[in-house]
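Report on one structure; see the data block that follows.
Position 1 is the first residue of the sequence; numbering continues from there.
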Amino acid sequence: MALPPIVSATIQSAVLSATSNILAQVLTAYQTETSLVIDWVPVFQFVLYSFINVPPNFLWQDLLESAFPAYHMSPTPDAIASAVANDEKALEREEKEGKLVEPKLNIKNTAIKMVLDQTIGAAINTFLFSLFMHSIQAAMTRPLGAPLSNPDQSIRYLTTRGAIDYGKVDWLGVVARSRAEFFPLLVAGWGVWPFVSLINFAFVKSIEGRNLVTSLAGVGWGVYVSLVAAR
């Protein structure tokens with residue numbers, strides 16, 4: 001039995017989030033000329049964020065599409081020509097063949113969706129990403145030299161009791177750091193996501209397909225934010 005689209009999209013995004021974080025670690029090891037040892041703690045953090053973040057974003061995209069449909073039905077050129085010529089037989093034939101109308105891109109709705117997605121949607125997603133990452137990093141602090149602090153011990157660390165302790169989080173500090181990096185991340189995102197949104201809204205008709213395009217583009221973006229989060 002097929003999974004609901006929102007579930008499939010969430011799992012798909014989680015897998016690609018893990019991939020992007022691992023790629024970021026590979027890139028860091030290459031740049032610093034150090035041995036590669038995958039730290040599964042940040043991989044876990046990015047996967048967890050996907051499970052939390054994707055469902056509401058899926059619903060957000062569904063809401064945008066419902067409010068501002070990308071396509072509307074418009075008469076085909078053949079139907080218009082037949083109507084102008086008052087050729088009823090040709091119109092009847094085109095109706096039987098399903099050639100009276102065709103889907104046509106609604107440019108106004110596409111523009112509205114892009115603006116809403118890249119302002120309200122982008123602002124909320126950017127701030128919540130920073131808030132989540134800074135808070136969970138603080139909740140999973142592993143001081144150097146502490147037991148299970150090394151990357152090669154990360155799986156053991158994740159399975160220990162109390163691996164996530166939000167009692168250790170300085171929320172004022174988390175909010176301050178999130179605010180400080182909000183505009184740099186938002187502006188960096190505007191170099192990528194408007195183009196992804198344009199492709200999605202103009203050429204991809206299903207919400208599932210749009211999520212796939214977004215997730216694939218998100219691999220590269222995920223590498224970038226993984227590097228930012230690791231600073």
Task: Considering all heavy atoms, the nearest A139-K168 contact - done: O-CE, 3.5 Å
- [ ] Check whether any side-chain heavy atom of I22 sits under 4.5 Å from a side-chain heavy atom of W40, and report yes or no.
- [x] yes
Task: Donor-acceptor contact below 3.5 Å, side chain N150 vs main chain Q153 - done: no
Task: Under 3.5 Å donor-acceptor, E65 side chain and A70 backbone - done: yes
TODO: Spell out, as yes or no, whether a donor-acceptor pair under 3.5 Å connects the side chain of N125 to the backbone of G121.
DONE: yes
TODO: Quick one: pull up CD1 in I6 and CZ in F58 and give me the separation to the nearest 0.5 Å.
DONE: 5.5 Å
TODO: State, with a plain yes or no, whether a side-chain heavy atom of V213 is found less than 4.5 Å away from one of F203.
DONE: no
Task: Of V169, V174, D170, the residue whose pairing with H134 passes side-chain contact (heavy atoms from CB on, under 4.5 Å) - done: V174
Task: Distance-minimising heavy-atom pair for Q45 and F132 - done: O-CE2, 3.4 Å
Task: Nearest heavy-atom neighbours spanning G189 and P194 - done: O-CD, 3.6 Å
Open item on the list: Please say yes or no: joined through hydrophobic side-chain contacts below 4.5 Å, possibly via intermediate residues, are Y157 and I38 part of one cluster?
Closed with: yes
Open item on the list: For F51, I'd like to know if atom CZ has over 12 heavy atoms of other residues, nucleotides or ligands within 6.0 Å.
Closed with: yes
Task: hydrophobic_cluster_shared for L105 and I112, side chain cutoff 4.5 Å - done: no
- [ ] Give the minimum heavy-atom separation between P69 and N109, together with the two atoms involved.
- [x] O-ND2, 2.9 Å
Task: Closest heavy-atom pair and its distance - D39, Q25 - done: N-OE1, 2.8 Å
Open item on the list: Under a 3.5 Å distance rule, please check whether T126 uses its side chain to pair with a backbone N or O of A123 as donor and acceptor.
Closed with: no
Task: Beyond-backbone contact of V47 with F44, side-chain heavy atoms, under 4.5 angstrom - done: no
- [ ] Establish whether V115 and I199 are linked, either directly or via other cluster members, by ILVMFWY side-chain heavy-atom contacts under 4.5 Å.
- [x] no
Open item on the list: Could you tell me if W60 and D117 have a donor-acceptor pair between their side chains, going purely by distance under 3.5 Å?
Closed with: yes
Open item on the list: Contact between L3 and I11 at the side-chain level, heavy atoms closer than 4.5 Å - yes or no?
Closed with: yes
Task: A14 to S50 - nearest heavy-atom pair and separation - done: CA-CB, 3.7 Å
Open item on the list: Is it the case that the side chain of W190 and the backbone of Q118 share a donor-acceptor pair, with hydrogens and angles ignored and the cut-off at 3.5 Å?
Closed with: yes
TODO: First locate atom OG1 of T159, then atom CD1 of I155, and finally report the distance between them rounded to the nearest 0.5 Å.
DONE: 8.5 Å
Task: Gap separating the OG1 atom of T110 from the CG atom of L64, nearest 0.5 angstrom - done: 11.0 Å
- [ ] State whether the side chain of S154 and the backbone N or O of P151 hold a donor-acceptor pair below 3.5 Å, judged by distance alone.
- [x] yes
Open item on the list: Just verifying a value: how many Å separate L128 CG and M133 CE, rounded to the nearest 0.5 Å?
Closed with: 12.0 Å
TODO: Verify, without hydrogens or angle tests, whether S13 (side chain) and A9 (backbone) share a donor-acceptor contact under 3.5 angstrom.
DONE: no
Open item on the list: So for atom OH, which belongs to Y166, do other residues, nucleotides or ligands contribute more than 12 heavy atoms lying within a distance under 6.0 Å?
Closed with: yes
Open item on the list: Can you tell me how far apart CG (L48) and OG (S17) are? Round to the nearest 0.5 Å.
Closed with: 10.5 Å
- [ ] Without swapping roles, check the side chain of N53 against the backbone of Y49 for a donor-acceptor pair under 3.5 Å.
- [x] no
Task: hydrophobic_cluster_shared for V7 and L59, side chain cutoff 4.5 Å - done: yes
Open item on the list: To the closest 0.5 Å, what do you measure between CG (L63) and NZ (K113)?
Closed with: 11.0 Å
Task: Short side-chain to backbone donor-acceptor contact, S178 and L131, under 3.5 Å - done: yes
Task: Distance-only donor-acceptor check, side chains N200 and Q61, under 3.5 Å - done: no
Task: Worked check of side chain to side chain contact (heavy atoms under 4.5 Å, CB included) between F127 and L186 - done: CA-CA 9 Å; F127 188 73; L186 186 65; over 6 Å; no
Task: Beyond-backbone contact of I124 with I120, side-chain heavy atoms, under 4.5 angstrom - done: yes
- [ ] Answer yes or no: is there a donor N or O on one side and an acceptor on the other, between the side chain of T141 and the main chain of A138, under 3.5 Å?
- [x] yes
TODO: Tell me whether V187 is reachable from V192 by hopping between hydrophobic residues (I, L, V, M, F, W, Y) whose side-chain heavy atoms are closer than 4.5 Å.
DONE: yes
